[in-house]
*Asks:* 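One structure, as structure tokens, below. Some questions next.
One is the number of the first residue; the rest follow in order along the sequence. All ligand and atom numbering here is 1-based and tracks the order in the structure.
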Amino acid sequence: MADIILGLESSCDDTSAAVIRDGYLLSNVLASQEVHKAYGGVIPELASRAHQVNIVPVVSEAIARAGITPDDITAIAFTRGPGLLGSLLVGTSFAKGLSLALNKPLVEVNHLQGHILANFIREYGKDDPQPEFPYLCLLVSGGNSQIVRVDGPLEYEILGQTIDDAVGEAFDKCAKMMGLGYPGGPVVDRLAKSGDPLKFKFSKPHIPGFDYSFSGIKTSLLYFVRDQIALDPDFMEKNKEDICASFQKALIDILMDKLIKAAKHTGIRHIAIGGGVSANSGLRTRIVEEGRKRGWKTYLPEFKFTTDNAAMIAVAGWFHYKNGERTSLDVAPVSRLAEF
Ligand code: KG4
């Protein structure tokens, strides 16, 4: 009998539900929260309230679009963490209630694992190759920047990670400093396309091993912009495309330097990316180019699976389910999960 997994994601500001059958996507419904735009960042209290409003219609829609009935569900997978506690509480409580009401097993998923396994979401009519083990995943989002060695669907080793800010935060702060709105990554990406990436230089951090640091480069952008505006008040407006292109290039250089180093060190040539920043067009192009040059096989998730979505949670939950894992009804969400 086929495994039908309902996935629920509510770790930050997207309420999402998805249904997969034996790894194939039947539906993926997402309600994004526009309310945060006015504040230039996610307001946790507003996020959890919006999840409360959205979760029932989103789950109903996912089940309807999948063409199944609630009784067909084999297991319910949900994001237990990491994320905003108030947001996670909504998804976790809903998953527990549904599990009890339908008498279906519950499977907890680490949100980061979802991003790593996003390349395993299968869609009918598409035959995208799936990563071969072992592979390295560059996991880049608003909360994380990691290089993860993946030896199997549930076997991970973090080779390197940020010691301060995540790369997504650097994108978001850059946009905020320039008054470009929130979330910043997509705007910086769009403006960078018509800018000169070599126009301005930003100093790179010197961090040992495979770890990252993005707080210094954020500060150097702040000082650079401040100094230039003191000389010419219109500097930002005149140069915003070039600033975005140069800053984006600097961030991508930092990410790629360590990834190349990790690939050389491990000898692994299967390279994937995941997380919100993996939507960045500059990063996607660069990783494919480097792959071509270095004989890597590269795996990029589809755009719709780069940012938070429940399809990746359903797939990760399916791997856990097949591994015999079940979560008890007294589970509580956790805002930080050390291991995954
Ligand atoms: O994975 P995600 O949706 O949420 C978590 O942090 O878990 O990632 C959100 C991050 C934000 O920082 C956003 O600015 C960034 O991903 N992002 C991008 C792009 N699209 C989203 N960064 C650069 N370029 C993009 N196209």
*Asks:* Quick one: are the ring centres of His51 and Phe94 less than 6.0 Å apart?
*Replies:* no
*Asks:* Verify the ring-centre separation between Phe202 and Phe200: is it less than 6.0 angstrom?
*Replies:* no
*Asks:* Would you please classify the geometry between the Phe319 ring and the Phe120 ring as parallel, tilted or perpendicular, with 30° and 60° separating the classes?
*Replies:* perpendicular
*Asks:* Assess the residue pair Glu157 and Leu159 against the criterion (side chain to side chain contact (heavy atoms under 4.5 Å, CB included)); give the C-alpha distance rounded to whole Å, side-chain angles, the decisive distance to 0.1 Å, and a yes or no.
*Replies:* CA-CA 6 Å; Glu157 185 189 350; Leu159 300 182; 3.8 Å; yes
*Asks:* Given that the side chain starts at C-beta and the backbone is N, CA, C, O, which of these parts of Asp189 lies under 4.0 Å from ligand 1, counting heavy atoms, or is it both or neither?
*Replies:* side chain
*Asks:* Check each heavy atom of Asn280 against ligand 1 and say whether those closer than 4.0 Å belong to the side chain, the backbone, both or neither.
*Replies:* both
*Asks:* Numbering the atoms of ligand 1 from 1, which are under 4.0 Å from a heavy atom of Gly168?
*Replies:* 12 (O)
*Asks:* What protein heavy atom lies closest to atom 14 (O) of ligand 1? Include the residue and the distance to one decimal.
*Replies:* Asp172 OD1, 2.6 Å
*Asks:* Keeping Arg149 on the side-chain end and Tyr156 on the backbone end, is there a donor-acceptor pair under 3.5 Å?
*Replies:* no
*Asks:* From Ile243 CD1 over to Lys199 NZ, what is the distance, rounded to the nearest 0.5 angstrom?
*Replies:* 8.5 Å
*Asks:* Polar-atom distance check: Phe171 versus ligand 1, any N or O pair below 3.5 Å?
*Replies:* no
*Asks:* Going by heavy-atom distance to atom 22 (N) of ligand 1, choose the closest among Ala279, Gly185, Gly276.
*Replies:* Gly185
*Asks:* Any heavy atom of Cys12 sitting closer than 4.0 Å to ligand 1?
*Replies:* no
*Asks:* Checking Arg284 against Phe303: charged group under 6.0 Å from the ring centre and within 45 degrees of the axis?
*Replies:* yes
*Asks:* Identify, by atom number and element, the atoms of ligand 1 in contact range of Gly142, meaning under 4.0 Å from any of its heavy atoms.
*Replies:* 5 (C), 6 (O), 8 (O), 9 (C), 10 (C), 12 (O)
*Asks:* Got the closest protein heavy atom to atom 15 (C) of ligand 1, with its distance?
*Replies:* Val277 CG2, 3.9 Å
*Asks:* Identify, by atom number and element, the atoms of ligand 1 in contact range of Gly143, meaning under 4.0 Å from any of its heavy atoms.
*Replies:* 6 (O)
*Asks:* Any N or O on His115 sitting closer than 3.5 Å to an N or O of ligand 1?
*Replies:* yes
*Asks:* If the contact criterion is a heavy-atom separation under 4.0 Å, does His111 count as touching ligand 1?
*Replies:* yes
*Asks:* Which heavy atom of the protein is the closest neighbour of atom 2 (P) of ligand 1, given with residue, atom name and distance?
*Replies:* Asp308 OD1, 3.5 Å
*Asks:* Does some side-chain heavy atom of Tyr299 sit less than 4.5 Å from a side-chain heavy atom of Gln130?
*Replies:* no
*Asks:* Under 3.5 Å, side chain of Ser16 to main-chain N/O of Asn309, donor-acceptor pair present?
*Replies:* no
*Asks:* I'd like to check whether Thr307 has a polar contact with ligand 1, where a contact means an N/O of the residue lying under 3.5 Å from an N/O of the ligand.
*Replies:* no
